[in-house]
Chemist: 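Pasting a structure below so you can have a look.
Quick caveat: nothing in here was measured; it's all calculated off a predicted structure. Chain identifiers are assigned alphabetically (A, B, ...) following the order of the sequence lines, protein sequences preceding nucleic acid strands; residue numbering begins at 1 within each chain.
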Amino acid sequence: MHPKDETELCEILSEAQDPVRISGGDTRSDFSIDGNGLSTLGLSGIVDYVPGALTMVARTGTPLSEIQSVLAAEGQQLAFEPSDYKSVLNRSGTSTIGGVFATNSSGARRIQCGAARDFLLGVRFVDGQGKLIKNGGRVMKNVTGYDLVKLMAGSWGTLGVMSEVSFKVLPAPGKTASLLLETRNHKVAVAAMAAALGSPYDVSGAAYLPGSGACMIRVEGFEKSVAHRLNGLQGRLKEFGKIELLYDQEAKSRWEDLRCLSPFCDVSGDLWRISVKPSDGPKVYEKAAFTKGFYDWAGGLIWGIAEPDVDPRLALNGVGGHATRVRGAAREIAKFHPPSKAIAAINAAIRKRFDPKGILNRGLMG
Amino acid sequence: MQTFFKEEQLHVPDFKRSNEILRACVHCGFCTATCPTYQVLGDELDSPRGRIYLIKDMLEQGRTPDAATVKHIDRCLSCLACMTTCPSGVHYMHLVDHARAYIEENYKRPLSDRFLRFVLAAILPYPMRFRLAMFAAKLSRPILRRFPDARIRAMADMVPKTIPPVSRNDDAQSFASKGVRKKRVALMTGCAQKALNTDINDATIRLLTRLGCEVVVAEGQGCCGALTHHMGKTDQSHKFAQTNLSVWGKEIHSKGLDAIIINTSGCGTTIKDYGHMFRDTNLAEDAKTVSARAMDITEFLMTLDVPESQTKSIKVAYHAACSLQHGQQVKTHPKTLLKAFGFDVVEPQDAHLCCGSAGTYNLLQPEISTALKERKVKTLMATKPDVIAAGNIGCMMQIGSAAEVPVVHTVELLDWATGGPVPAAVSHCGWSKIQ
Amino acid sequence: MQMPSPDTAVLINKEHILARLRAVLPADCVIDDERETKAYECDALSAYRCPPLAVVLPRTTEEVAAVLKTCYDLSVPVVPRGSGTSLAGGALPTEDSVILGVSRLNAVLETDYDNRFIRVQTGRTNLSVSGAVEENGFFYAPDPSSQLACAIAGNIAMNSGGAHCLKYGVTSNNLMGVRMVSMEGEILDIGGAHLDAEGLDLLGVICGSEGQFGVVTEATLRILHKPEGARPVLIGFDSNEVAGACVSDIIKAGVLPVAIEFMDRPCIRATDDFSGAGYPDCEALLIIEVEGSDDEIKEQLDKITKIARTHNPVELREAGSAEEAARIWLGRKSAFGAMGQLNDYMCLDGTIPVTELPYVLRRIGEMSREFGLDVGNVFHAGDGNMHPLILYNANKPGDLETCEAFGAEILKLCVEVGGCLTGEHGVGIEKRDLMDFQFNAEDLEAQMRIKDVFDPKWLLNPAKVFPLKHTEDRRKNRVQFAAHAAE
C-alpha cells in the first residue's frame, strides 16, 4: 500500500482489518513482524522551511538525505544526529524523516542538545481507525494540550502512521574537534567523560571504544571557542591518560563511524543497545558479556554484540535502565525491554485506544 | 487584585490604605519563597500571600476576626522579607499593622493569651520593670521551666545568664565629641536593650564621639513603640511614639540634630514609619521630621569619613537582621564597614531568612521561632566564623542562645577596630593582642 | 468563566470525605475551615476564583497515595497544586474538589554530579534546585520567571520554559524520571537516571499534562555545569517591529544566544525602578545573553552587535559586571509583578514563528487601540513565545470581559500565523475555551484518550484544558461514579 496523501492514508487504515507493517525507507524496519506493507514513501516533500525560525515541516516519507542537503544549504542541520542502521542491518536506500522520528533515533549529541523527541515540534498522524490527528505545531515552545508529539516519537508506528512532522533545526557548527584520550580501562574512560561533561566546556559528544582504547570527547562551535574549550578540557583530562587532538574531517569521520555503527558492520551476533546511568556502564558492559561494543552518551549508552543465546538484560538486574535488540532474530528474548507490570498496562491501554483493531506494527514494542 | 470594600469603608484612612495595598498585589506568589514561616510550615496560609488573602477577606467583610485568621497573622514575624521580594511594591508592613490593630480591637483572645500579651506589653518597654522581671524569672526558672505552656518556658529560657548593671551612659546627658564637632546626633537608647546589654550603647557613644559627633541622650525618651505596635496595641505604641516625637522635636528645634541614631534595627523600622503612623494627625509634620532624621548607626557611619584599618584575620559572620535588611533596606552598609575596618566578612546561606527572634515572637511562637533559630545557627556556623555580628539586640539574644561562637553588635567591632576596648563578649578570645 | 455545576453527591458527602482524609493524614495536613480554604481559591490568575471543598498538605509520597486512593474511592475530584503560581489558572479549584498541595514535599533526595542529575521532591522550588547544586558549579536549566517561587511539580505539570530555554530546552527536555501517584493511589516510577526511558514516551506525555494524569511527587532532573561566564547585552530600538526583525536576523545568522528577551516601553519603565537595571529609554528593548569564556562571549557579541547595527539601535550596551547582569535579569524576571504596579493584568502566552514577530506586534498595538486597553509586551523573543500583558481595572465592571475578549483575539492571531495558544504557561482554565480554535474535535479526542487511560473517572484537575462541551460525556460518567460512591 502506497498512499499518496493523508486522505488515502486515512482510507486505507479505516478499512484495514488485517495487520499492517509500516515502512519508510526500510533502513531499520523489522521485517519479522507480519502484516501488509504500508509505505510512507508516497508522502514526500518538504512543506515549509523557515531558516530564520529554525523550523522545518516535511512529509514523513521525505528522504533524510534530501532534508539534510536542504538544511546544509542554509548552514543548518538536524542536531540530534539520527543513527544509521544500514550497515549493521545490511540494508540499502535512504532513511525517511518519519522513520527517524518514529524510532526516536538519536546520536552522540543527545547528551548536549537532546534526542530526536526533543526536536520534534508537531505531528500529523492517522490512527488505527483511520482518523487524522494533529498535535503540536511548528513553533519551538508549545504546551497547548497534551504532548502527543513526544508520545509519537519513538512509538514505532504502534499508535498511528505519521504523515507530516515539523521539527526544530540548529545552525551547523563552524568547527569540530575531538580530544582523543587513550585508556584501556572502562571505568577510567567513563570517569574521564564524566569529568568532561562536568566541565563548563559544552561537550557535544563523549564516546569510548574499548577495542581501540579510544575515549573521544567532541567540542563544536566558533573557531576561537573550540580552541579555548579544547585547551580547558586537556587540562582537566590529562590525569586520565595520553591525549591527542583531532580536527575537522579527521574528527568528524570518527563520529560519523559511530553514527553508522561501523564498528559492527562485519561482526556477526546480536546487536544490543543498552541505556543506563553512565557510571553503571562499565559494570553492565562487563556483565552483558559483549564480544564487541562501544559506549556513547558518556557511558550511558552501550552498543554491544552478544552471542545469540545470551540475554544482556540479565546485566541490568538491580540496575536502572533498559536494553533493546537492534539486530537478531526473534526468539524468546524480547526485542524491546519489557516494562514493569503497571507501565505495561498503561502502554497497552494507550495502544488500544489508538489502535483498537490491533493492526499497527503488531508485535513491536511488546 | 480585585477588592470588594464598601464605599463607606474607603473613607476610613486605614481601610483606604489597605485597599491601595491590596490593589497592588497581583497574587504572583513570589513572596512565599522568602517567607520564613512558609519555609517551616509549607502552608499558603502561613505565607504573605495567604495572610494578605486572609486579611483582605476579614477587612472587606468588616467582620469579627476568627481564630484561624488570627492564628495565621500571629504567626507572621513581620520580618518583611516579602517586601524585599515583591516586584509589585505591595506594602505588606502597613497592611499587617492594620490587621493587627483591627484584631486587637475586634477579637477577644483566650484569657491566657490576653494575660501574656498584657504582661509583655507592661514589662518589656520599661527597662526597670524588665530588669526586675528578669531577676524574678531567674530565681523561679526551675518552676517556670515545668509550665505546660511553651511560651512561659520560652520566657524562662530567654533570660540571660548575667544581667548587666544599669549603665549611667544611658542617662539623659550629652557626650562631647573628641576633637572638632562635625555632627550633633541623638542616640535612641532603646528599652529592652538597655536591660539586656549595656555594651552596645557604650560602644556606640565611644565610636561616635571618636569620629567627631556630639551624642545626645535626650531627656524622657523611651520605647519606640515597636513591641506594642506589633501586638496591635496601637494606643500604647502611639503614646510611646508621641513621647519620643516631643523629646526629639525639642532637640531638633533648639540645638538641632543631624540624625537620630538607632542601633537596634527593630526600633529603626518603626521610628522611620512614624511619618506614616501619624500621617492624619496634627503631629504629622513632627513625625515626618523625626522619621526623616532616623538612621541606623551603620547608615550614619557611611556619611562620615571613617579611617582605614589594618586587616585583622578575624572572620565575622554577618547576620542581617530583618528589620535592617528588609524593614529599612539597609543591606550592604554593615558589611562594607566591617570590611573597611579590617574584618573578614562572610554571610550564611539564606541570609534573607529571619532568625526567629522578631521582637516578642520568640516568646509568643516558641515552636516556629526555635525551628528558625536552629536553621539560622546552622547556616551561620557552616561559615566557620570567629564571631557573629548583628545589628539588632533581639537577633543577638536569639542566635547567642545557640551559637558556639560569641555574638556581638556590629558597632562593638567597629568601636574596637578604631581604638575602643575589646568587646566584652569576646574578651576571652585573646583579640587584644591582634591589633 | 463557565464552570460545571458541582457534584452535589460530593458536597453532601463532605463530612464523610473529611473524616476519611483525616483517617489517613496527620491532623495538621487537612484544612477545611472555610476562612482558610478561601486563601486557596485561586493561583496567580486571581481573576478566576472558587474555594475548594478542602485542602490537604501531605508530607510523603505515601500520604499522597493515601489521599488519592481515598478520593478515588469516594469519586472526589482532586486539584494538584505546587506553589500556586500558575498564570493560566492551572490550580484553580472547583467547589467539589480537594486541593492536594505538595509544598511540604521539598527535600533533595540525591545529587549525582558524575551522572549529572538531581532527584528532588516536587514541592521544591525551581530556583532552590539550582541552589542545591550551585556550590559544585552546576545548575538546573529551565528558568521560568517565577523560578524563585514556582515548584518543580508545577513546572512538570505545565512543561514550563523560561528565558534560557532557547539553548537549554524546556522542562520536558530536562526531565529524566518521575515518581508519580496515579488517581487510584498507585505509585509509579517512570524513567530514572538514564537518558531516554524505555517503551512509549510516557514521561514526555506526563510532562505538560497539567496535573490531569497523576501527582508527581519526585523528579529526576538533568543538571548541567555552569558556563564559564555569561553576559547580557541590552539593545534598544525605536519600535517594536524593528526589534522583532532583529531577532529573526540574529537567529538566521547562525548565532544561537542562550536567551533573547524582549520588553517594550511600558514594561521597561515598570521594571527599571524595582531592579535598578538602568534599561535604556526606548520603545523596545532586547536583552540578549551569550555564554562562555571572555573570548567566546566577545566573539558572539561581535556577531550579534554587527547584525543589530543594521537595524539602527538607539542604544547598545553590554553588562559591565556580574552585579549589573544580575540586575538586568532581576528586572526581566520581575516584569509581570512590576506591571502589577500599573494595573491589574492578564498575561497571555501565545507562541508564534519568530519571523512573524513584527507583524504580530503591530497587530497587537492596533487591537489595543480598538479594545481601549493598554498592553505591555515582555517575552522570550528567541523562540517566539510572546507574553502580552493586557492591563485592566479589576474593580471596574466590564473591564475583565473586555480584557478576555481582547486576549482571545490575540491568541487567535497567534494561531492564525502558525503559532499556538500557549508556549509555557499551559492551557489551564484561561485558554480552555480557545482550544477549539487550534484543534478540531478529533485532535482533542485523541488527547482525551490518554486522559482516559490515566484517570478513567476524570477526577484530576477537573474542568481544565478541554472545552466543557467536549468533556460532557466523560464528566457525566464521573458524576455517576460519585453518586454510586455516596450510596
Chemist: With a 4.5 angstrom heavy-atom cut-off, is it the side chain or the backbone of C:Lys333 that approaches chain B, or both, or neither?
Modeler: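 Contact with chain B: backbone only.
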
Chemist: Under 4.5 Å between any side-chain heavy atoms of B:Asp43 and C:Arg104, yes or no?
Modeler: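 SC-SC contact between B:Asp43 and C:Arg104 confirmed.
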
Chemist: Between B:Leu45 and C:Tyr40, is a side chain to side chain contact (heavy atoms under 4.5 Å, CB included) present by the stated rule, with each step listed?
Modeler: CA-CA 8 Å; B:Leu45 296 157; C:Tyr40 283 89; 4.1 Å; yes

Chemist: Write down the atom of C:Asp33, the atom of B:Ala68, and the distance for their closest heavy-atom approach.
Modeler: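 Heavy atoms of C:Asp33 and B:Ala68 come nearest at OD2-CB, 3.6 Å.
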
Chemist: Which atoms of C:Ser146 come close to chain B, meaning under 4.5 Å heavy atom to heavy atom: side chain ones, backbone ones, both, or neither?
Modeler: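 Contact with chain B involves both backbone and side-chain atoms of C:Ser146.
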
Chemist: If I measure from the heavy atoms of chain B, does C:Asp43 come under 4.5 Å with its side chain, its backbone, both, or neither?
Modeler: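 Just the backbone, heavy atoms under 4.5 Å.
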
Chemist: Where does C:Ser145 contact chain B at under 4.5 Å (heavy atoms): side chain, backbone, both or neither?
Modeler: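 For C:Ser145, backbone heavy atoms alone lie under 4.5 Å from chain B.
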
Chemist: Can you tell which of B:Ile52, B:Leu41, B:Val90, B:Thr34 has the highest number of heavy-atom pairs within less than 4.5 Å of chain C?
Modeler: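 Of the options given, most contacts go to B:Leu41.
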
Chemist: Search all heavy atoms of C:Gly337 against all heavy atoms of B:Ser88 and return the closest pair with its distance.
Modeler: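 Nearest pair, atom of C:Gly337 first, then B:Ser88: O-OG, 2.6 Å.
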
Chemist: Top residue by heavy-atom pair count (under 4.5 Å) with chain C, among B:Thr32, B:Thr3, B:Leu54, B:Thr69?
Modeler: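 The residue among B:Thr32, B:Thr3, B:Leu54, B:Thr69 with the greatest pair count is B:Thr3.
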
Chemist: Apply the test side chain to side chain contact (heavy atoms under 4.5 Å, CB included) to residues C:Asn106 and B:Gln39: give CA-CA distance (whole Å), side-chain angles for both, the deciding distance (0.1 Å), then the verdict.
Modeler: CA-CA 10 Å; C:Asn106 60 6; B:Gln39 301 308 305; 5.5 Å; no

Chemist: Please flag which part of C:Ile31 lies under 4.5 Å from any non-hydrogen atom of chain B: side chain, backbone, both or neither.
Modeler: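 Looking at C:Ile31, just its side chain touches chain B.
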
Chemist: With a 4.5 angstrom heavy-atom cut-off, is it the side chain or the backbone of B:Arg49 that approaches chain C, or both, or neither?
Modeler: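 Only the side chain of B:Arg49 comes within 4.5 Å of chain C.
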
Chemist: Can you tell me which portion of C:Cys150 sits under 4.5 Å from chain B's heavy atoms? Options are side chain, backbone, both or neither.
Modeler: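 C:Cys150 has no heavy atom closer than 4.5 Å to chain B.
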
Chemist: Identify which part of C:Leu148 has an atom lying under 4.5 Å from any heavy atom of chain B, answering side chain, backbone, both or neither.
Modeler: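 Both backbone and side chain.
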
Chemist: For B:Arg63 and C:Arg35: C-alpha separation, side-chain torsions, deciding distance, then whether side chain to side chain contact (heavy atoms under 4.5 Å, CB included) applies.
Modeler: CA-CA 12 Å; B:Arg63 62 177 159 79; C:Arg35 308 273 191 223; 3.1 Å; yes

Chemist: Between C:Ser46 and B:Gln2, is there a side-chain heavy-atom distance shorter than 4.5 Å?
Modeler: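 No - every pair of side-chain heavy atoms lies 4.5 Å or more apart.
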
Chemist: So what's closer than 4.5 Å to chain B heavy atoms on C:Arg81: side chain, backbone, both or neither?
Modeler: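 The side chain, not the backbone.
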
Chemist: Using heavy-atom distances under 4.5 Å, tell me whether C:Glu41 contacts chain B through its side chain, its backbone, both, or neither.
Modeler: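 The answer is the side chain of C:Glu41.
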
Chemist: Are C:Glu36 and B:Glu44 side-chain neighbours, meaning at least one heavy-atom pair lies under 4.5 Å?
Modeler: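 Side chain of C:Glu36 against side chain of B:Glu44, heavy atoms only: no contact under 4.5 Å found.
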
Chemist: Just wondering, are more than 12 heavy atoms of other shown residues or ligands nearer than 6.0 Å to NZ in C:Lys396?
Modeler: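 For C:Lys396, atom NZ is not crowded (no more than 12 foreign heavy atoms under 6.0 Å).
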
Chemist: Using a 3.5 Å distance criterion without hydrogens, assess whether the side chain of B:Tyr53 forms a donor-acceptor pair with backbone atoms of C:Lys38.
Modeler: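 The answer is no, because no donor-acceptor pair under 3.5 Å joins these two groups.
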
Chemist: If you round to the nearest 0.5 Å, how far is CZ of B:Phe5 from CG of C:Asn395?
Modeler: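 If I round to the nearest 0.5 Å, the distance is 10.0 Å.
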
Chemist: Looking at B:Gly42 and C:Ser103, what are the two nearest heavy atoms and their distance?
Modeler: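 Heavy atoms only, the tightest pair is O-OG, 2.6 Å.
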
Chemist: Is the shortest heavy-atom distance from the side chain of C:Phe336 to the side chain of B:Val26 under 4.5 Å?
Modeler: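 No, too far: nothing below the 4.5 Å cut-off.
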
Chemist: Distance-only, no hydrogens or angles: does the C:Gln341 side chain make a donor-acceptor pair with backbone N or O of B:Pro87 under 3.5 Å?
Modeler: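 Yes: the side chain of C:Gln341 pairs with the backbone of B:Pro87.
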
Chemist: Go through B:Ser47, B:Cys25, B:Cys28 and name the one with the most non-hydrogen pairs under 4.5 angstrom from chain C.
Modeler: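 Result: the option with the highest number of such pairs is B:Cys28.
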
Chemist: For C:Asp344, which atoms come within 4.5 Å of any heavy atom of chain B: side chain, backbone, both, or neither?
Modeler: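 Side chain only.
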
Chemist: Kindly check if the number of other-residue, nucleotide or ligand heavy atoms within 6.0 Å of CD (B:Gln61) is above 12?
Modeler: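 Yes, because the 6.0 Å sphere around CD of B:Gln61 holds more than 12 heavy atoms from other groups.
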
Chemist: More than 12 heavy atoms of other residues, nucleotides or ligands under 6.0 Å from CD of C:Glu401: yes or no?
Modeler: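 Yes - once you tally the heavy atoms of other residues, nucleotides and ligands closer than 6.0 Å, there are more than 12.
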
Chemist: Restricting to non-hydrogen atoms, name the atom on B:Gly50 and the atom on C:Ala39 that form the minimum distance, rounded to 0.1 Å.
Modeler: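 That would be O-CB, 4.3 Å.
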
